Number of protein chains: 2
Amino acid sequence: MGNRNSKCRYAVRGRLWIDGPEGTFLGHGRMVLLERIHHHGSISAAARSMSMSYRHAWDLVDSMNRQAPHPLVSKAVGGKGGGGATLTAAGLEALDVFHRLQQAFVEFLEERTGALPWLEDGR
Amino acid sequence: MGNRNSKCRYAVRGRLWIDGPEGTFLGHGRMVLLERIHHHGSISAAARSMSMSYRHAWDLVDSMNRQAPHPLVSKAVGGKGGGGATLTAAGLEALDVFHRLQQAFVEFLEERTGALPWLEDGR
DNA sequence: CGGCGTTGTATATCATGGGGAATAACGGAT
DNA sequence: ATCCGTTATTCCCCATGATATACAACGCCG
């Protein structure tokens, strides 16, 4: 709806992320990881649930924590259940900020594929 | 200007492209390649000028020509200078379409990094 | 008619990043 | 004190994608 031609041969796609002092700070994959950490309560369980190696997941968390003014993930080693990880208030806020950004991006993408001049069709 | 805080710790970045029947159809790298073909008059010279392997360049051109309703690049084998390649009218049009799209994207990016809530700064 | 620099295509080599395995330290629970 | 599953870290392996190499076909031009 909103588009008189539903036969979309082409579509505008894209990826976006937030750069920080060391390069990528927040991106789609990192957001999924944060959500899973929030849900499972540990980095390793989150990594397993998305078929990501623990090493990779740990690197991503470390990168985010290093670049943020305040850590996004709080980690505990040892103790009940061997430890775990939880999102800080800053982590939850980052999740929200990025979600809104991504939604705006999706709208931009849809708007632009709708405005696509059906390349060279009428030639 | 337009942003009261010029100390930008974070910036929204991204990439965008146009998907076609077989996946990526037009993207930044492909646009650079098209420009160089237009300037040099051959795929191999264009590839050399941007340190890209001829095979890769050829694959990209082939992908674009296969997905477009009409080829973007016209190729000649043998003949004067051994042959060459030139952009068709459709190729020039694709260049223009993507440039406008990319410019709108840059504006979106700048607008959004300006609207960034300076994550967790005041905590 | 032979030379030249393309396009076109197959094969081989290689580099980079990610994954897996292994291990230490940790601390609450039992 | 021991057990357990986690965080934290190192090292090795390998799969994949890109690059390099090689070679055939082509057609204008001198």
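Computed from a predicted model, the values in this text were never measured in an experiment. Protein chains get the first letters and strands the later ones, always in sequence-line order, with residue 1 at the start of each.
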Can you sort out the partners of A:Phe98 under ring pair (Phe, Tyr, Trp, His ring centres under 6.0 Å), two or more places apart, ordered by chain and number? none
Min and max contacting nt of DNA chain D in 5' to 3' order, chain B heavy atoms within under 4.0 angstrom, are D:dT19 to D:dC28
Once salt bridge (charged side-chain N to carboxylate O under 4.0 Å, His left out) is applied, do any residues pair with B:Arg30, and if so which ones, sequence neighbours excluded? none
So where does chain B start and stop touching DNA chain C, 5' to 3', when the test is distance under 4.0 Å to a non-hydrogen atom? C:dG5 to C:dT11
Near DNA chain D, counting only heavy atoms under 4.0 Å, which residues of residues 34-67 of chain A show up? A:Ser42, A:Ile43, A:Ser44, A:Arg48, A:Tyr54, A:Arg55, A:Trp58
Listing, residues 48-55 of chain A side-chain donor-acceptor contacts under 3.5 Å, not counting sequence neighbours, or none:
{"unit_1": "A:Ser49", "atom_1": "OG", "unit_2": "A:Arg36", "atom_2": "NH1", "d": "3.1"}
{"unit_1": "A:Ser49", "atom_1": "OG", "unit_2": "A:Ala46", "atom_2": "O", "d": "2.8"}
{"unit_1": "A:Ser53", "atom_1": "OG", "unit_2": "A:His56", "atom_2": "N", "d": "3.2"}

I'd like to check the side chain to side chain contact (heavy atoms under 4.5 Å, CB included) partners of B:Arg112; sequence neighbours left out, ordered by chain and number. A:Leu101, A:Ala104, B:Val12, B:Phe108
Residue list, side chain to side chain contact (heavy atoms under 4.5 Å, CB included) with A:Ala115, at least two apart or on another chain: none
Residues passing the side chain to side chain contact (heavy atoms under 4.5 Å, CB included) test with B:Leu95, sequence neighbours excluded, are B:Met31, B:Leu34, B:Glu35, B:Leu87, B:His99
Qualifying salt bridge (charged side-chain N to carboxylate O under 4.0 Å, His left out) pairs, either residue in residues 98-111 of chain B, two or more places apart: B:Asp96-B:Arg100
For residues 20-27 of chain A, please give each side-chain donor-acceptor pair under 3.5 Å, one per line with the distance, not counting sequence neighbours.
{"unit_1": "A:Glu22", "atom_1": "OE1", "unit_2": "A:Arg66", "atom_2": "NH1", "d": "2.2"}
{"unit_1": "A:Glu22", "atom_1": "OE2", "unit_2": "A:Arg66", "atom_2": "NH1", "d": "3.0"}

Hey, can you pull the donor-acceptor pairs under 3.5 Å for the side chains in residues 74-83 of chain B, sequence neighbours left out?
none

Mapping A:Lys75 and A:Gly82 onto DNA chain D by nearest heavy atom, which one lands closer to the 5' end? A:Gly82
Let me confirm one number: the OG1-CD1 distance from A:Thr86 to A:Ile37, rounded to the nearest 0.5 Å. 9.5 Å
